[in-house]
Amino acid sequence: MRKPFIAGNWKMNTDSRGAVKLAESIVRDCGDTTDSKVDVAVCPPFVYLQAVAGALSSSPVALGSQDVYFEQKGAFTGEISAAMLKDVGCTYALCGHSERRHVIGEADELINKKVHAAVSGGLLPILCVGELIEERKTNKTAEVVTRQMKKGLAGISEAKMPAITIAYEPVWAIGTGLTATPQQAQEVHALIRKLLAGMFSEKLAEEIRIQYGGSVKPDNAAELMNQQDVDGLLVGGASLKADDFVTIIKASV
Ligand code: 13P
């Protein structure tokens with residue numbers, strides 16, 4: 001059985017006080033839900049990681065970053081290494097979020113380097129994949145997701161794979177209020193699991209958690225989580241409200 005994994009991606013939101021207050025409210029309102037039934041993480045902006053780490057200390061809610069650079073140190077102005085993220089208390093790192101791919105322009109090769117750097121640096125990467133609306137309309141979803149999976153995980157050994165979570169986030173569902181139907185989500189999650197079985201093994205594919213992301217809300221979380229291959233949720237907007245995020249967490253167990 002795969003343990004549910006709910007992560008909140010705060011994107012470029014909050015301020016220093018608001019970030020700490022949000023983290024404190026999530027910890028308080030989760031109560032003991034997180035203890036054994038579900039893994040929970042929040043991914044604040046880089047500049048608030050350390051403050052949020054303080055608010056999460058001695059709680060089961062883990063800290064994640066929204067990105068990671070692949071080099072270890074040196075002249076890479078503006079970038080943040082895996083070691084730095086570990087140093088401030090991160091457990092997870094998002095890699096290849098759709099906004100990094102489509103707004104910032106990251107390619108599969110760069111994302112693959114980030115996945116490798118995160119694993120080598122002792123972080124647990126969440127590799128995000130997902131198609132654009134034009135790609136869905138032209139029946140290219142499977143092709144796009146297959147390419148992102150193969151290129152994103154190139155060179156990762158089966159032994160290292162258990163560190164990795166996959167997040168399927170159809171780009172057309174992100175921040176639009178247009179959630180994928182549970183059936184649409186399940187169809188792509190099943191494809192991702194089949195890809196993992198082919199790239200690694202059936203056993204590994206059964207272990208890896210696949211999150212769904214894209215307009216997840218308190219009222220659609222349970223239905224999405226009921227799908228056989230949906231093991232968790234990557235929540236954007238609704239993770240900025242402690243009430244909504246905690247309702248989603250509780251609906252997932
Ligand atoms: P929304 O939940 O705001 O659609 O964002 C999803 C997302 O991109 C999470 O990483």
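Ligands are counted one by one from 1 in listed order, and the atoms in each one are counted from 1 as well. Computation of the quantities below employed the complete heavy-atom set of this structure, encompassing side-chain atoms and omitting hydrogens, waters and symmetry-equivalent molecules. Keep in mind it's a predicted model, so treat the numbers as computed, not measured.
Within ligand 1, the atoms closer than 4.0 Å to a non-hydrogen atom of Ser215 are 1 (P), 2 (O), 4 (O), numbered from 1 in the order shown. The ligand atoms of ligand 1 that sit less than 4.0 angstrom from a heavy atom of Gly237 are 1 (P), 2 (O), 3 (O). Atoms of ligand 1 lying under 4.0 Å from any heavy atom of Gly175, numbered from 1 in the order shown and given with element: 1 (P), 3 (O), 4 (O). Which parts of ligand 1 touch Gly214 is read off a 4.0 Å heavy-atom cut-off, strictly below it: atoms 4 (O), 6 (C). Below 4.0 Å from some heavy atom of Leu234 lie the following atoms of ligand 1, by number and element: 9 (C), 10 (O).
A donor atom on one side chain and an acceptor atom on the other are not found under 3.5 Å apart for His97 and Glu106.
Nearest residue to atom 9 (C) of ligand 1 from Glu99, Lys11, Glu169 is Glu169 (criterion: closest heavy atom).
Annotation: Tyr92 is in aromatic contact with Phe5 [ring centroid separation under 6.0 Å].
Residue contacts with ligand 1, taken as heavy atom pairs separated by less than 4.0 Å, involve Asn9 solely via side-chain atoms from C-beta onward. Contact annotation for Ala173 and ligand 1: only backbone heavy atoms (N, CA, C, O) come within less than 4.0 Å of the ligand.
The N/O atoms of Gly236, backbone and side chain alike, include one that comes under 3.5 Å of an N/O atom in ligand 1. Below 3.5 Å of separation, one finds no N or O of Gly213 facing any N or O of ligand 1.
Note on residues 117-137: pairs passing side-chain hydrogen bond (donor to acceptor under 3.5 Å, both in side chains), not counting sequence neighbours, are Glu131-Arg136, Glu131-Tyr168, Glu131-Trp172, Arg136-Tyr168.
When the shell of 6.0 Å around CD of Gln186 is examined, it contains more than 12 heavy atoms from other residues, nucleotides or ligands.
Considering every non-hydrogen atom in both Val171 and Gly130, the closest pair reads CG2-O, 3.9 Å.
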### Task
Please step through salt bridge (charged side-chain N to carboxylate O under 4.0 Å, His left out) for the pair Arg2 and Glu207, ending with a clear verdict.
CA-CA 6 Å; Arg2 297 177 292 269; Glu207 277 172 34; over 6 Å; no

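To the nearest 0.5 Å, atom NZ of residue Lys37 and atom CG of residue Asp32 are 5.5 Å apart.
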